[in-house]
Structures are given as structure tokens and as C-alpha cells.
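Here the structure comes first, spelled out in C-alpha cells, and everything after it is commentary.
The basis for the numbers below is simple: all heavy atoms, side chains too, and nothing from hydrogens, waters or symmetry mates. A, B, ... follow the sequence lines: proteins, then strands. Residue 1 opens every chain.
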Amino acid sequence: MKTPGRTLFPLKDLNRNQQEAVTQTEGPLLVLAGAGSGKTRVITYRIAYLLQEKKVPPYALLAVTFTNKAAGEMRERVIGLAGKEGRAVWISTFHSACVRILRQHVEKLGISRHFSIFDESDSTRVIKEVLAEMNIDARILPPRRVSYLISRAKNALVEPDLMAEQGEVSRDHLMDRIVQAYRMYEERLRRSQALDFDDLLFFTWRLFEERPEVLRSYEDLLHYILVDEYQDTNHAQYQIIRQLSARHRNLCVVGDDDQSIYRWRGADITNILDFEKDFPEAIVVTLGENYRSTGHILGAASCLISKNKGRKEKELLAVRPDGQKVSAYAAMDEREEGGFIAASILQLIRHENFSYRDFAVFYRINAQSRAIEDTFLKMNIPYTIVGGVRFYDRKEIKDIISCLRLILNPADWGSFERIVNAPARGVGKASLDKIRAAGIEGLTPEEAVQSVLKSGAVKGKAAQGLGDLLEALLMLREKLSLGTPLDEFVVAVLDETGYLGALQAQATDEARNRIENLHELLAVVDDFLSDDRPGEISATETLAAFLDQISLVSDIDNLKEEGSSVTLMTLHMAKGLEFPVVFMSGMEEDLLPHYRAQGEPVEMEEERRLCYVGMTRARELLFLTMARRRRLFGQYDNTLPSRFFTDLPAENVELHRETVYPIPGITDSLASLPMPSEGKVAIGEFTYVPEPVEGEDRLRPGMQVRHPMFGVGQVMAVEGTGPDARITVYFPRGGKKKLIAKYANLQVV
DNA sequence: TACATCCTTCTTTTT
DNA sequence: GAAGGATGTA
């Protein structure tokens, strides 16, 4: 059957089950891919197989993932296997795919195809405005909660009316107001011609529901659909997938219920658990051999996850030898924990031939990174931190992006309000209120400005500033329509709006830093322009494509593998990655599992899955560390070891030999546990010495002290006594600082 | 209107 | 111990 001279499809690279997952191309297929079982390989081979063996044209394939990084890697590997043809396959994230569909068809739903994409901070801003207008006290109904509820509703494809119906059943006395807030929020978004992240999915679903001919055009095109990380799909994504695959039913979903960690964002684990119910003819292939981790690491992780109830019963077999046991370490506090991690890294590099890039440190929340960063800085360990404050969340970047959005979408009130007084133009709250009032009748922000200027409602400095802004916007739109290249155009925005000038005039360190960030944004633009993207003709379209791309990037997307540094990130970011050596820090009650998950058994299971995801990232060595006390709210608290320690089997895990403190559930091969004695508190099997908050009464002016951030300095004055004493210190590295004793953590040198 | 200062709350996790 | 909001002052 094979034509001579043509290379055979490399099916022999795969094990039996992987082969089945690749070659079972027709009909619904569920691939249960355990951690490290070669999932990406199966997906990419499957795509290549469809192209080469089944002669499926590339445009008939759609593969969706959750992150741009995953999509990018998938594309690279498909191109590697299938060559040029692979380039034409539609491989994308859910959100980007929806944007692409909506940009083309959303006008059928009465929304401008130049719609803005509101990110979370834009949405929060709108919600706060709405709640303020409704005169709702933030303590009764916090904006965060409203925002969460609206998002959850949208992910479940629930519109305000339906929410109201459901609310009648639940009889939440706040429900009326929440529904009203939802309605007003929607109304504001529509007035700004904006969609939020959840809308991208919701409106795609609605488009397909209301315009069957549009759905049909995609159905005609897409004969094979593949969904990665299926366990993390929410209801909206699930429905979109159903719509698209209803006709051909060649739907392949790949996932692992044990790695579902996005419930809080609407992910519905029943989508994967019930796949066989939804598609009765589905074939299920289980990939149960783990090629990544050593036997001890896998044994420990498998035992942990087996304690969960809501999962498909299955076992993951270790292909690799046992290796070293998982090591548990209890430090006195988070600084010592960081010290242990740093020392271990240096030691492993020296003695075991690892390099910096082989290490990753995971934590539950971003705030934990500081202590680790501090020690790494001190011990000169290069590190890359993923997540935290995103580049695109920086004020100056958001301002410029808002300006670009407003240029494209003049109805975008959110962006307008952001930039109307950035840089300062003398337009304060009073003027803005007048503009808003003028705009209430469906005017665009700029029309509203014109109206208040004409009526004389705004005068003086504010009027001058607004006039300048209008002029700048007008001139920039003109420049864009003349086809100014994007890089040149962004520079023009920086100049014409006076943004750069205002920063330069400030001449502070902070301003210089912001300018630097803006230069980085220009580098991003250049990067974007150097990608080949066929099909964009005008400068306007290029700008629109640029904005779409940066609206949908996450921090993980920029993680490069070639660097030589230790990677620091949250457990959530770690999904899909692997490292030779992994440290999981903060293995404590209230951190992992997080205190917000206490109580609800479903949430506790998700925390356990999170722990499982972290552990299964490790190839050779895995360390679980905790601190007996930790400063998280600026204050030290004693901790309890994570309950997950007690889920681990003794044969795979041992207490690190340098640990001074015991951990319940972890066998110490050397010593027996010390008995509780006077002055100690026994909690369960664990013993604590309550750590007194250090009194700083011993500090006197003239003394040398060390501060974790500013280094060594000299005490200039002490006001008051005890933990609340105010201490003035002069630091050669940081200048004069006024510190509160209990927070400052000063050490006498 | 802008800036300083005090107070509160905050911490999950992110496309 | 930061960031955002509220309040007070120039």
C-alpha cells in the first residue's frame, strides 16, 4: 500500500496504546493521558497522521489548547513531523480561536467587529462603577464577588434573565442586586463595544446558536477536531466543541481528570468524566505508562491522588527505575526554607552535574516567591520568575494599549477613562463625571467631550487638556489610515499624547523604569512585525491583530527553555511542564491546601490534584519543603504541615537528613521523634515552640542593623517600644527609611 | 485638581 | 508590607 520511496509513518516510535490513540481517527475518542505518558507526542503524531496517511487537508483540522505556549509548541512539532502542510493546520487556544471567529462574524450579533477585549482589570473597573451607581456598599457586595459570579454565569452560558430565574429558587436576598449589576455590566460593555474574556466564548456559542449558517460554514470546513487539556474545559467551551463536532463527530479529546485544576475558573471536571455518556459510541484509550518520573516520585504521586474520590480509577505505571526517594524538609521559617532550596541547588550543581535550568521551585501563591527570591539573590543563583505582575498589567503599558484600543474602537469608554488624564491633563473626577453624563445617550467618549466643551460645562485647564487629547486622537487616526507602520505608529502615540514627554519631565527612577518598559513594548511590536502573518493588508488590520495577540498572552507563553536559570512559578503555571529537579515549597495547611479550600470536599480534592500536578513535573528528584512559621500577611504565623504529607507512602518518601523538625506521616530513617516538653505546644503529632514576635526594645540610635531588603544601615531614631516601635534607619543602599519594628525584621549586626 | 497621608484589606490559582 | 481607597490639605 505504501508507495516506494516514501518514508513510512513513524508509528513504531509509539507504544501500543499511543498507536491506537493516533490511528483511531474516525468517531469520538477519549484519550485519558496520565501525567508524563506522552500526551503531546500522541497529539502531534495524530495530526501528522491525519495529514500524511489519511490525506486530510490541513484546513480541515482544528486543534485547541489552553495556552499560547502549548499551541506554539504543538505547531512546531507538527511542522517538524509533517513539514509545510503542518503550518496550515489551525492550532490555537480556545480564546484566540473565538476571537478569530468573532472578528469575522460578530456583526451579525450587532457588535462592531472592532470590539475591544476587556481584561480582568477593565471588567473590575466597570463593575465598581456599576456598584457605585447602584449605591451598594462594597462591604455588603464586594466587586470581586460580583465579578466572580458574573464570570461563573457566563462560563455556564447563563444570561441575566436566567440568573434571575435561578435566583428565585436559591432565594439569595442579594441575588436581585447581583442580577441587576450583571445587566448593567453587560449594558456598559455593549455601549463600549467591548467583550470580556468570558464573552469571547459566550458570544461564539451564541453566534453558532443564532446563526446556524455560520456554524455550518465551520462544520463544512472542520472535519477533525482535537481538544487538549479537556479536563479544564468549562461549560461554554464544552458546548462550542459540541456545536462544532456535531456533524462529523470526529472529536478527539485528550486529558487527565487528575490534573483538573481550574474549577475556580469554571472548569467542569464532569466534561471529561461524562464524555462516554455524551458520546456513547466513543472509544476510550488510556495512556498509563509514565516515561517521565522515577519510580519513587511516581509512587508517591500516585498514592496521593488515589485518595481522591471523584476520579476515574486508574493506575499509572512507572517505566523508569525507582531512583531516589522523595525528600521532605521542614524549615524553621520561610527564609530558612529558601536557604535550604538554594543550598540544595548549589550542591546538586556541584556534585551531580545539574545546571540551573534543571531546577524549578513551585509554590501555591505568588506571594511566596519573595522569600525564595531573597535567598537566591543573596546566594547569587540566577532565576526566572513566571507570573506575578504581568508585563501587560503595568500601568504605563496598559495606558498605551488603552490608547491604541481607543483609536481603533472610538466607543471604548473603558479605555477612554483610563487615558483621559494619563498623562495629567487637569481632567479630574468632576470633569470626567460631566463627560460621562454627556455620554449617557449613546455618544462615544470623544463626542461627549466635544459636547461638554461646546456647552462650556468644562472650562480652563481641563478644557485645554481635553482639546489636546481630541486633537491627538484625530491626528493619530489620520496617521493610521495613511498606512503608518505599526512600530512608527506606536512611537507617534507616545509622542502625540505627551505620555513619554510627561515621564521624561518627571526624571525619577520610577519614571525611567516606566520609560524602559515602554521601550520593551516597542520591542514587542518589532517582534510581532517580524512574524510572517499573511492576509493583513492595512495598518489598521495590523494594529488590530497586534492588540488581539497581546490581549490573550499569558506569562507562561514567554517562558523560554534555553536560559540558564532556575524557574520559579505557581503550581498552576507548572501544568504541562517538566523539570529534572523540583522543589515544592510551602507544603503547609492553609497554603497547600489553601485556606479558601478548607471545608468544601470538592475543593480539597482540587488542592490534592494541584499537589499531584506539581509532584509529577519532576523527572529525577523531588523535594517537598515546608516552614514551621511563615510570614505571609506581613506577620509571622505558626503553621501546620500539609495534610498531604500523610497521604504519601513511607516506601517512597523520607525525611531529609538535615531536617531538624519532624513531619507527621513522613518516616525519619534516623531519629525518633522528640517528646513535647515544657513551653511547647503539641498539635496532633507535631510539636511547636511558639515563636515570640521579637521585641525591638534593644535597638538604640547609632546601632548597625540588617534589613532583608535594604541591607545594613544605621539606626537614627527609635520612637516607642515593643513591636509597634517606629524606627528610623539610614541605609546606604536605600536612603532613610521609617520602619515599624514588628514588620521590619531588623537584625542587630 | 493634585498630592500626601492614613486606613483597610489583601492573597489563591489565569485564558 | 503593598496597593487601593478614603480623607485631608495646598
In whole angstrom, give the distance that lies between atom NZ of A:Lys575 and atom P of B:dT15. 11 Å
Where each pair must be Watson-Crick or G-U wobble with both distances under 3.5 Å, what dot-bracket representation of DNA chain C is obtained, with crossing pairs in [ ] and other-strand partners as |? ||||||||||
Nearest-Å distance, CZ (A:Arg425) to P (B:dA2)? 12 Å
Is A:Asn234 touching bases, backbone alone, or none of the nucleic acid, heavy atoms closer than 4.0 Å? nothing
What is the distance, rounded to the nearest whole Å, between atom CG of A:Leu200 and atom P of B:dT15? 13 Å
For the residue pair A:His95 and A:Phe197, does the interplanar ring angle fall in the parallel (under 30°), tilted (30 to 60°) or perpendicular (over 60°) class? perpendicular
Taking side chain as C-beta onward, heavy atoms only, is A:Arg514 less than 4.5 Å from A:Arg394? no
Between A:Ser123 and A:Tyr185, is there a side-chain donor-acceptor contact under 3.5 Å, judged purely by atom types and distance? yes
Using the closest heavy atom to pick a nucleotide of DNA chain B for each, name whichever of A:Lys461 or A:Asp198 lands nearer the 5' end. A:Lys461
Select base, sugar-phosphate, or nothing to describe what A:Ser431 touches, counting heavy atoms under 4.0 Å on all strands. sugar-phosphate
With a 4.0 Å cutoff (strictly under), does any side-chain N or O of A:Asn421 reach OP1 or OP2 of B:dA2? yes
Within 45 degrees of the ring normal and closer than 6.0 Å to the centroid, is that where the cationic atom of A:Arg206 sits relative to A:Phe203? yes
Separation of B:dT15 atom P from A:Tyr392 atom OH, nearest Å, is 13 Å
So which protein N/O to nucleotides 7-14 of chain B N/O distances come out below 3.5 Å?
residue, atom, partner, partner atom, Å
B:dT11, OP2, A:Arg144, NE, 3.1
B:dT11, OP2, A:Arg144, NH1, 2.8
B:dT11, O3', A:Tyr595, OH, 3.3
B:dT12, OP1, A:Arg596, NH1, 2.1
B:dT12, OP2, A:Arg596, NH1, 3.3
B:dT12, O2, A:Arg364, NH1, 2.1
B:dT12, O2, A:Arg364, NH2, 2.1
B:dT12, N3, A:Arg364, NH2, 3.0
B:dT13, OP1, A:Asn366, N, 2.8
B:dT13, OP1, A:Asn366, ND2, 3.4
B:dT13, O2, A:Trp264, NE1, 3.2
B:dT13, O2, A:Arg364, NH2, 3.3
B:dT13, O2, A:His572, NE2, 3.1
B:dT14, OP1, A:Thr570, OG1, 3.2
B:dT14, O4', A:Arg265, NH1, 3.3

Closest heavy-atom pair and its distance - A:Leu201, A:Ile240: O-CD1, 3.4 Å
Give me the distance, rounded to whole Å, that separates B:dT11 from C:dA6 when you measure between the C1' atoms they each carry. 22 Å
pair A:Asp333-A:Arg630: side-chain heavy atoms closer than 4.5 Å: no
Could you check whether A:Phe66 gets within reach of a base, just the sugar-phosphate, or nothing at all, counting any heavy atom under 4.0 Å? sugar-phosphate
Any side-chain heavy-atom pair from A:Arg152 and A:Asp198 closer than 4.5 angstrom? no
B:dT13 and C:dG4: how far apart are their P atoms, nearest whole angstrom? 15 Å
Tell me if the aromatic rings of A:Phe362 and A:Phe583 count as close, with their centers under 6.0 Å from one another. no
Rounded to whole Å, how long is the line connecting atom CD1 of A:Ile550 with atom P of B:dT15? 15 Å
Sugar-phosphate, base or nothing in reach of A:Lys128, heavy atoms under 4.0 Å: sugar-phosphate
Does the ring centre of A:Tyr262 sit less than 6.0 Å away from the ring centre of A:Trp264? yes
For atom NZ of A:Lys154 and atom P of B:dT15, their distance in whole Å: 18 Å
